[in-house]
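Numbers here simply count residues along the sequence, with the first being 1.
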Amino acid sequence: MTDAMRLLIDAPLDGPANMARDEVLLDLAAAGETPATLRFYRWSVPTISLGRLQPYADMDCLTEVLKRLPVVRRLTGGGAILHDQELTYSLTVHRPHRLLADGPTVLYVRMHDAIIGVLRDLGVPACRRGPADGAQGGGNEPFFCFARAHRFDIVVGSMKLVGSAQHRRPRGVLQHGSIVLRPLHGDQPSTGVYEWCDIGLEELTRRIAARFAEANGLRVESDGWRTAELARAEQHAARYNSAAWTRRR
């Protein structure tokens, strides 16, 4: 028997709705009420997401054009991400799940290796950054996540293609990741999937889900949202829409 993995593929939504839906999935995972869930989604308008602990005042460094974009604060840590021509995934897992048998950090490896495998099949020379570059430390890290370096990043040469971050609860883990499709903004240095290959988004998401499931002994079960889950997400979205949450640091 293989464990089920719930697969959700959403239409583009605004920042608060996207963050709220991921928090609902984390709530369900922590309560043990849903299988490991992989969600793919887009953003209905270009949006900046701040890391959970990132000071809002850091936005002062941005150009006036970027300052006019919608801003939302994520549950996960790390630097800001400009969500525009990119695909976001979230992975939520109940703590006793065997995906976390070696600790939550291994989720970076499991998910990124699946993405790398798919990208290489498509001719993208992607790899993990590796320990030689390590992670930048100190209090003066760049504003954008894609200007920072971490050993689990997916890179092509020296350019970052995928970055991920986590939020951990005692009984559940949420991992977010951003897969750049087309790098449009010099403020967020990166390469993009479409610079190397041409593939539809639905096909890309299906391949990544299948690769991750196969590598980890899971069975993909495509699914939709329950009415109660969406109602709960609307409640969470009110917080993500509030200045009290967005400007909390």
**Student:** Any Lys/Arg nitrogen of Glu203 or Arg207 sitting under 4.0 Å from an Asp/Glu carboxylate oxygen of the other?
**Tutor:**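 Salt bridge between Glu203 and Arg207, a charged N being under 4.0 Å from a carboxylate O: yes.
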**Student:** Considering only heavy atoms from C-beta outward, does the side chain of Arg42 approach that of Leu181 to under 4.5 Å?
**Tutor:**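 Side chain of Arg42 against side chain of Leu181, heavy atoms only: contact under 4.5 Å found.
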**Student:** Evaluate Tyr41 against Leu13 for side-chain contact (heavy atoms from CB on, under 4.5 Å), listing each step before the verdict.
**Tutor:** CA-CA 8 Å; Tyr41 56 96; Leu13 297 166; over 6 Å; no
**Student:** So which of Gln54, Arg73, His83 actually passes side chain to side chain donor-acceptor pair (under 3.5 Å) with Ser49?
**Tutor:**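 Only one option passes, and that is His83.
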**Student:** Of all the heavy-atom pairs spanning Ser164 and Gly177, show the shortest one and how long it is.
**Tutor:**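 Closest approach of Ser164 to Gly177, heavy atoms only: OG-CA, 3.5 Å.
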**Student:** To the nearest 0.5 Å, what is the distance between CZ (Phe212) and CG (Leu38)?
**Tutor:**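 Phe212 CZ to Leu38 CG: 7.0 Å, rounded to 0.5 Å.
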**Student:** State the CE-CG distance between Met5 and Leu99, to the nearest 0.5 angstrom.
**Tutor:**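 Nearest 0.5 Å value for the CE-CG distance: 9.0 Å.
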**Student:** Nearest heavy-atom pair of Ser242 and Arg239: which atoms, and what distance?
**Tutor:**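 Shortest heavy-atom separation between Ser242 and Arg239 comes out as OG-O, 2.6 Å.
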**Student:** Step through the shown structure and confirm whether more than 12 heavy atoms of other residues, nucleotides or ligands are within 6.0 Å of CD on Glu202.
**Tutor:**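 It does not: Glu202 CD has 12 such atoms or fewer within range.
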**Student:** Counting C-beta onward and ignoring hydrogens, is there a side-chain heavy-atom pair between Gln85 and Val180 closer than 4.5 Å?
**Tutor:**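 SC-SC contact between Gln85 and Val180 ruled out.
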**Student:** Count I, L, V, M, F, W, Y as connected when their side-chain heavy atoms are under 4.5 Å apart, and connections chain through other members. Are Met111 and Leu201 then in the same cluster?
**Tutor:**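 Met111 clusters together with Leu201.
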**Student:** Do any pairs count as a side-chain hydrogen bond (donor to acceptor under 3.5 Å, both in side chains) and have a residue in residues 99-109, sequence neighbours left out, and if so which ones?
**Tutor:**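 Listed once each, the pairs are Thr105-Arg168.
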**Student:** Taking Ala126's backbone N and O only, do any of them form a donor-acceptor pair with Arg120's side chain (distance below 3.5 Å, no angle check)?
**Tutor:**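 Indeed, once roles are kept as given, a pair shorter than 3.5 Å links the two residues.
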**Student:** Looking only at non-hydrogen atoms, find the nearest pair between Asp223 and Leu8 and report the distance.
**Tutor:**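 Scanning both residues, the minimum pair turns out to be O-CD2, 3.4 Å.
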**Student:** Hey, are the side chains of Arg128 and Arg151 touching, using non-hydrogen atoms and a 4.5 Å cut-off?
**Tutor:**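 When only atoms from C-beta onward are counted, Arg151 and Arg128 do not touch, as no gap falls below 4.5 Å.
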**Student:** Verify the cluster assignment for Tyr89 and Leu25: are they in a single hydrophobic cluster under the rule of side-chain heavy atoms below 4.5 Å apart?
**Tutor:**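 Tyr89 does not cluster with Leu25.
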**Student:** Hey, does Arg129 have a side-chain heavy atom less than 4.5 Å from the side chain of Lys160?
**Tutor:**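 Contact flag for Lys160/Arg129 side chains = yes.
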**Student:** Quick one: are Glu221 and Leu218 in side-chain contact, heavy atoms under 4.5 Å?
**Tutor:**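 No; the side chains remain at least 4.5 Å from each other.
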**Student:** Tell me which one of Asn216, Leu119, Ile116, Asp121 satisfies side-chain contact (heavy atoms from CB on, under 4.5 Å) with Arg211.
**Tutor:**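 Of Asn216, Leu119, Ile116, Asp121, side-chain contact (heavy atoms from CB on, under 4.5 Å) with Arg211 is met by Asp121 alone.
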**Student:** Mark yes or no for whether Arg95, through its side chain, and Leu100, through its backbone, hold a donor-acceptor pair below 3.5 Å.
**Tutor:**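 Not confirmed, Arg95 side chain does not pair with Leu100 backbone.
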**Student:** Check the surroundings of atom CD in Glu214: do more than 12 heavy atoms from other residues, nucleotides or ligands lie under 6.0 Å from it?
**Tutor:**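 Atom CD in Glu214 is not packed in, count stays at 12 or less.
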**Student:** To the nearest 0.5 Å, what is the distance between CZ on Arg219 and CZ on Arg6?
**Tutor:**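 Between atom CZ of Arg219 and atom CZ of Arg6 there are 14.0 Å.
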**Student:** Name the residue from Asn18, Thr88, Asp22 that meets the side chain to side chain donor-acceptor pair (under 3.5 Å) definition with His176.
**Tutor:**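 When side chain to side chain donor-acceptor pair (under 3.5 Å) is applied between His176 and each of Asn18, Thr88, Asp22, only Asp22 qualifies.
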**Student:** Take Asp27 and Arg169, measure what side-chain contact (heavy atoms from CB on, under 4.5 Å) needs, and give me the verdict at the end.
**Tutor:** CA-CA 9 Å; Asp27 292 342; Arg169 292 182 182 172; 2.7 Å; yes
**Student:** Quick one: pull up CZ in Arg39 and OG1 in Thr92 and give me the separation to the nearest 0.5 Å.
**Tutor:**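 Arg39 CZ to Thr92 OG1: 9.5 Å, rounded to 0.5 Å.
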**Student:** Treating Ile, Leu, Val, Met, Phe, Trp and Tyr as nodes and any side-chain heavy-atom pair under 4.5 angstrom as an edge, say whether Val193 and Val162 lie in one connected cluster.
**Tutor:**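 Same cluster: Val193 reaches Val162 through Ile, Leu, Val, Met, Phe, Trp or Tyr contacts under 4.5 Å.
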**Student:** Drop me the distance from His150's NE2 to Cys145's SG, to the nearest 0.5 angstrom.
**Tutor:**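 Atom-to-atom, His150:NE2 and Cys145:SG are 10.0 Å apart.
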**Student:** Flag yes if more than 12 heavy atoms outside Arg247 fall under 6.0 Å of its CZ atom; otherwise flag no.
**Tutor:**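 Not buried by this count: 12 neighbours or fewer within 6.0 Å.
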**Student:** Verify side-chain contact (heavy atoms from CB on, under 4.5 Å) between Leu69 and Leu62, making sure each step is shown before the conclusion.
**Tutor:** CA-CA 11 Å; Leu69 295 179; Leu62 298 180; over 6 Å; no
**Student:** Provide the closest heavy-atom pair for Val124 versus Cys197 in the form atom of the first, atom of the second, distance.
**Tutor:**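 Closest pair (atom of Val124, atom of Cys197, distance): CG2-SG, 4.1 Å.
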**Student:** For Val24, is there any backbone N or O sitting under 3.5 Å from a side-chain donor or acceptor partner on Arg21?
**Tutor:**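 Side chain of Arg21 to backbone of Val24, a donor-acceptor pair under 3.5 Å: no, none is there.
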**Student:** Taking Arg226 for its side chain and Gly224 for its backbone only, find out whether a donor-acceptor pair lies under 3.5 Å.
**Tutor:**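 Looks like yes, one N/O pair under 3.5 Å.
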**Student:** Between Glu23 and Tyr240, do the side chains contain a donor N or O and an acceptor N or O under 3.5 Å apart?
**Tutor:**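 Yes, a side-chain donor-acceptor pair sits under 3.5 Å.
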**Student:** Could you walk me through whether Asp84 and Trp43 pass the side-chain contact (heavy atoms from CB on, under 4.5 Å) test, one step at a time?
**Tutor:** CA-CA 7 Å; Asp84 190 358; Trp43 302 67; over 6 Å; no
**Student:** Report whether Leu87 and Leu161 are members of the same hydrophobic cluster (ILVMFWY, side-chain heavy atoms less than 4.5 Å apart, transitive linking).
**Tutor:**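 As far as the 4.5 Å side-chain criterion goes, Leu161 and Leu87 are connected within one cluster.
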**Student:** Less than 4.5 Å apart, side chain to side chain, heavy atoms only: is that true for Pro70 and Val45?
**Tutor:**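 Sidechains of Val45 and Pro70: in contact.
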**Student:** Around atom CH2 of Trp196, are there more than 12 heavy atoms of other residues, nucleotides or ligands at under 6.0 Å?
**Tutor:**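 At most 12 heavy atoms, drawn from other residues, nucleotides or ligands, come within 6.0 Å of this atom.
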**Student:** Evaluate the side-chain proximity of Glu229 to Thr34: yes if any heavy-atom separation is below 4.5 Å, no if none is.
**Tutor:**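 No - every pair of side-chain heavy atoms lies 4.5 Å or more apart.
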**Student:** So do His97 and Asp3 actually touch side chain to side chain, heavy atoms under 4.5 Å?
**Tutor:**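 Touching, per the 4.5 Å side-chain cut-off.
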**Student:** For Ala243, does its backbone N or O pair with a side-chain atom of Thr246 as donor and acceptor, under 3.5 Å?
**Tutor:**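 No, the answer is negative, given that no donor and acceptor are paired below the 3.5 Å cut-off.
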**Student:** Inspect the surroundings of CG in Asp60 and state if more than 12 heavy atoms from other residues, nucleotides or ligands are less than 6.0 Å away.
**Tutor:**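 Yes.
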**Student:** Test of understanding: with side-chain hydrogen bond (donor to acceptor under 3.5 Å, both in side chains), list the residues that count as partners of His167, not counting sequence neighbours.
**Tutor:**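 Partners of His167 by the side-chain hydrogen bond (donor to acceptor under 3.5 Å, both in side chains) criterion come out as none, since no residue qualifies.
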**Student:** Shortest non-hydrogen contact from Ala4 to Pro35?
**Tutor:**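 That closest heavy-atom pairing would be O-CB, 3.5 Å.
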**Student:** Are Leu107 and Ile179 connected in the hydrophobic side-chain network, where two residues link if heavy atoms are under 4.5 Å apart?
**Tutor:**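 Yes, same cluster.
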**Student:** Of all heavy-atom pairs between Val93 and Ala36, which one has the smallest distance, and what is that distance?
**Tutor:**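 Minimum heavy-atom contact is CG2-CB, 4.4 Å.
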**Student:** Roughly how far apart are Ser178 OG and Ile154 CD1, rounded to 0.5 Å?
**Tutor:**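 Reported value, rounded in 0.5 Å steps: 11.0 Å.
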